[in-house]
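A, B, ... follow the sequence lines: proteins, then strands. Residue 1 opens every chain.
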Amino acid sequence: MRWSQMFIPTLREAPAEAEVPSHILLLRAGYIRQLASGIYSYLPLAQRVMNKVSRIIRDELDRIGAQEFFLPALHPAELWQESGRWESMGQNMFRLKDRANRDMCLGMTHEEVFTSIARSEIRSYRQLPQIWYQIQTKFRDEPRPKSGLLRVRQFTMKDSYSFDVNWEGLDASYQKHYEVYCRIYDRCGLRYRVVEADSGVMGGRQSQEFMVVSEAGEDQICYCQCGYAANLEKAVSRLEPIVDESGPEKPELVFTPNQKTIDEISNFLKVKPSHQIKTLVYISKHSPLLALLRGDHQLNEAKLQSALGIEARPARPEEIQEIIGASAGSLGPVGISKIPILSDQNLKGRKNLTCGANRDDYHLCGVTPDKDYVAEYHDLRLVQSGEPCIRCGKPLAISKALEIGHIFKLGTKYSESMGATVLNADGQQTPLVMGCYGIGLERVMAAAIETGNDQDGIVWPCSIAPFSCLISVLNTKDNQLVEAAENTYQELQRRRVDVLLDDRDERPGVKFKDADLIGIPFRINFGSKKFKEGKVEWVERSSKKVEDINYLELVPRAISILQEAGIR
RNA sequence: CGGGGCGUGGCUCAGCCUGGUAGAGCACCUGGUUCGGGACCAGGGGGUCGGAGGUUCGAAUCCUCUCGCCCCGACCA
C-alpha cells in the first residue's frame with residue numbers, strides 16, 4: 001500500500017473528547033472516528049488491525065475443531081422471551097419493532113440463537129461435543145459509553161459456545177478454550193492475567209476473565225506472585241486472626257455525642273477500628289437486611305449479592321431511620337431480630353466489640369457475636385492490597401485491569417429454559433451442558449495500545465500491527481532513491497510482507513512524526529545521503545534503535561528480522 | 001438516572017463575565033523559497049457561533065427550553 005493513496009487522516013493535536021491513551025492515539029493516528037456516543041467507524045488502519053486479530057482467533061479456534069458460523073444480529077423477541085432475558089436484560093438491550101409491529105432486538109450476545117440451532121438439530125450425544133463460534137457485531141445500549149473503544153454500544157465479539165452431554169465434557173471444552181485463549185493473547189502480543197471471576201447473577205459454575213493490567217481498565221484485579229489471581233469482586237485473602245481481651249459480661253451503653261464514623265468512635269472511645277462492628281443497611285427486593293463487617297473493612301457488594309442470590313442496594317438515610325430508628329452513625333446488630341443479619345466471617349469468634357446502639361449518640365461496648373446477636377456468616381469483605389495471599393501468604397497486589405476475554409461454564413441454564421436436549425447413551429433426554437467464551441476484538445486492539453505506546457504514538461505488537469514494515473522515502477525528488485525504495489517495496493510485497501510505502505511528497509520531519517504515530521513496528525528510511533554510500537536505515541519503533549543496512553542486503557535482512565519478530 | 005464540564009471554520013482554542021455586526025494557531029488552495037524530527041514568505045477560500053424561543057434598537061455574548069458530546073458516580077451477560 002502506498003501512503004499517498006491510503007486514507008490515514010492523522011491529527012497534529014489530540015481531540016478534546018479523548019482522555020485515555022488508546023482513545024487519543026486511535027483518533028490522532030487516523031484509525032477511528034466517532035459517529036455517535038459509543039459508536040465508532042473503523043478507518044482502514046483499524047480495519048487492518050481488526051482483521052489481523054480475527055485471523056489469529058480463527059486460526060487458533062480452528063485448531064481445536066471449533067466451527068465458524070455467522071448468525072443474525074437482528075433477533076425476534078420470542079427467542080429472548082424463551083430464555084427469560086427479554087425481561088432481565090432491561091434497558092441494556094436495543095429494541096425495535098418491524099413493520100408488522102413485531103418486537104425485535106439487536107443481539108447483545110448469542111446464547112439464544114446458538115441454542116435454538118442446537119435444539120432443533122442435535123438429537124444424540126453421538127453428535128457431541130460441538131464447539132461453535134462466530135465473529136459478529138454486538139449491540140449493548142450502555143448507560144455510559146466511555147474511553148473510546150473500551151466501552152461502547154456497538155462492538156465486535158468473537159463468541160464461542162460449547163455443547164456437551166455432561167459436565168465432564170464441559171470441563172474438557174472449557175479447558176480447551178482456556179488453552180486456546182492463552183495462545184490467542186500470546187500471539188496478539190498482550191501481557192495478560194487470567195483471574196477467577198464472579199459469575200454474578202448469571203449463575204454457572206466457573207468463570208475466568210482474561211485481563212490486561214492498565215490504568216484505563218474498569219475492573220480491579222487482585223494477584224500474587226504465586227499465581228493466585230482473582231477479580232477483586234471475588235478475591236479473598238488470609239487475615240491474621242485477632243485475639244480479643246475479655247470485656248464486660250453484657251454490652252454496656254455509652255454516650256457518644258456526635259460521634260458517627262468509625263474513626264470518630266475510635267478516637268472518642270479509644271477503640272481500634274478493627275475492634276468495632278461496621279453495620280450497613282441494604283435493601284434487596286424491598287426488604288432490608290444488615291451487613292456487618294469489621295470496622296476497618298469494606299463491603300464487597302458483589303459478594304453480598306452472591307450471598308443473597310439477588311441484587312441489593314444501600315438503603316437511603318430516611319429508609320435507615322425508618323427501619324432501625326436511628327441514623328447511619330449509630331447502627332448495630334444488637335436487638336435486631338426482624339431483619340436478616342449477614343456478617344462477614346471475620347467477626348466470627350470475636351468478643352468485646354463496639355458498635356452503634358441503634359439510638360443516636362449512643363454506642364455499645366463489649367458486644368460478642370453469636371451471644372449478643374445472631375448472624376449468618378459469609379465472606380463479604382473487599383480485599384485490600386498488601387494483605388497475605390490466601391495460598392502462599394505473600395502480599396497481594398491490586399491493579400486496575402481491562403477485561404479482554406471471558407470464559408464461562410454456563411451449564412444448562414439455556415438448554416433447560418429453551419428445551420435443548422439430546423438422548424444420552426442410556427437413551428434418556430438430557431439437557432445440553434453449555435459453555436460460552438468471548439473475546440472483545442476492539443478491546444484487544446485498545447489494550448495493545450494502552451500497554452504499547454510512548455510520547456510519539458502507538459507501538460504495536462508485530463502480530464497485529466496494520467503493517468509489518470514501513471518504507472519511508474525521505475526525498476521524493478531523488479529519482480534513484482525513489483526507484484530503490486520502490487524496488488524494495490515490490491520485492492517485500494512479493495515476499496508477502498505487509499508493507500506500507502510512504503511515497504508522499506512531505507518533509508522528512510512530517511514522515512517521521514506520522515510513522516511514529518501510527519506505530520508500524522519497523523521502518524526503513526531511504527535517505528539521499530546514506531543511499532549514496534549504498535546504505536539505508538532500519539529503525540525499530542519500540543526502541544527507536546537505528547541500524548544502517550547495506551541496500552544490497554536489505555531484503556534478506558528485512559525478511560529475517562521480520563521472521564524473528566514473529567511476522568511471516 | 002444524579003453531579004460537573006463543553007458545543008465558535010476540518011482540528012486545538014480565544015471572544016461571552018461587562019451585548020455593538022466573528023478571531024488566532026494548525027490544516028486546506030495558489031505561487032515561490034526550502035527539505036533528516038510536524039518549514040518559511042506572499043496571496044486566497046472556508047463559520048446559520050449546536051438548535052428553538054425570548055429580552056433588546058442590536059445577541060456568539062443575557063434569559064428559558066432543547067439536542068449533542070466528554071468526565072465522575074450509579075450501572076456493566
Quick one: look up who [N] pairs with, Watson-Crick or G-U, both distances under 3.5 Å, and put none if it's unpaired.
| N | result |
| --- | --- |
| B:C28 | B:G44 |
| B:U34 | none |
| B:G7 | B:C67 |
| B:U21 | none |
| B:G58 | none |
| B:C1 | B:G73 |

Aromatic plane relationship, A:Tyr40 with A:His23 - under 30° parallel, 30 to 60° tilted, over 60° perpendicular: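 Aromatic pair A:His23/A:Tyr40 classed perpendicular.
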Work out how far the [atom1] atom of [N] is from that of [M], and round it to whole angstrom.
| N | M | atom1 | result |
| --- | --- | --- | --- |
| B:U8 | B:A77 | P | 36 Å |
| B:U48 | B:G5 | C1' | 25 Å |
| B:G10 | B:G51 | P | 13 Å |
| B:C13 | B:U55 | C1' | 30 Å |
| B:G20 | B:G37 | P | 46 Å |
| B:A24 | B:C6 | P | 24 Å |
| B:A22 | B:G45 | P | 16 Å |
| B:C57 | B:G23 | C1' | 26 Å |

Once you apply a heavy-atom cut-off of 4.0 Å, does [X] come out as touching a base, just sugar-phosphate, or nothing?
| X | value |
| --- | --- |
| A:Pro9 | nothing |
| A:Ser472 | nothing |
| A:Pro145 | sugar-phosphate |
| A:Met157 | base |
| A:Arg144 | base |
| A:Glu19 | sugar-phosphate |
| A:Ala18 | nothing |

Phosphate-side-chain proximity, A:Gln91 and B:C76, N/O vs OP1/OP2 below 4.0 Å: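 Answer no for this pair, as no side-chain N or O of A:Gln91 is under 4.0 Å from OP1 or OP2.
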Distance test, side-chain N/O of A:Ser37 to OP1/OP2 of B:G68, below 4.0 Å: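 Checking A:Ser37 against B:G68: no side-chain N or O falls below 4.0 Å of OP1 or OP2.
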Contact state string [nucleotides 36-47 of chain B, B base, S sugar-phosphate only, - no protein heavy atom under 4.0 Å]: BBBB--------
[X] [atom1] - [N] [atom2] separation (whole Å):
| X | N | atom1 | atom2 | answer |
| --- | --- | --- | --- | --- |
| A:Leu27 | B:C11 | CG | P | 11 Å |
| A:Arg151 | B:C75 | CZ | C1' | 8 Å |
| A:Ile24 | B:C69 | CD1 | P | 19 Å |
| A:Trp86 | B:A77 | CH2 | P | 19 Å |

Taking atom types as modelled and ignoring hydrogens, do the side chains of [X] and [Y] form a donor-acceptor contact shorter than 3.5 angstrom?
| X | Y | result |
| --- | --- | --- |
| A:Gln220 | A:Lys400 | no |
| A:Ser415 | A:Lys413 | no |
| A:Glu60 | A:Tyr181 | no |

With the threshold set at 4.0 Å, does a side-chain nitrogen-carboxylate oxygen contact exist between [X] and [Y]?
| X | Y | value |
| --- | --- | --- |
| A:Arg523 | A:Asp516 | yes |
| A:Arg504 | A:Glu506 | no |
| A:Glu486 | A:Arg2 | yes |

Residue A:Pro143, side-chain atoms from C-beta onward, closest of B:A74, B:C71, B:C69: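 The answer is B:A74.
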Results of salt bridge (Lys or Arg N to Asp or Glu O under 4.0 Å) for A:Lys477 - residues two or more places apart only: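 Only A:Asp505 meet the salt bridge (Lys or Arg N to Asp or Glu O under 4.0 Å) criterion with A:Lys477.
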Residue from A:Phe210, A:Tyr133, A:Phe408, A:Tyr437 passing ring pair (Phe, Tyr, Trp, His ring centres under 6.0 Å) with A:His177: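 For A:His177, the ring pair (Phe, Tyr, Trp, His ring centres under 6.0 Å) test succeeds with only one of A:Phe210, A:Tyr133, A:Phe408, A:Tyr437, which is A:Tyr437.
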5' priority, RNA chain B, between A:Lys477 and A:Met108 [closest heavy atom]: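 That would be A:Lys477.
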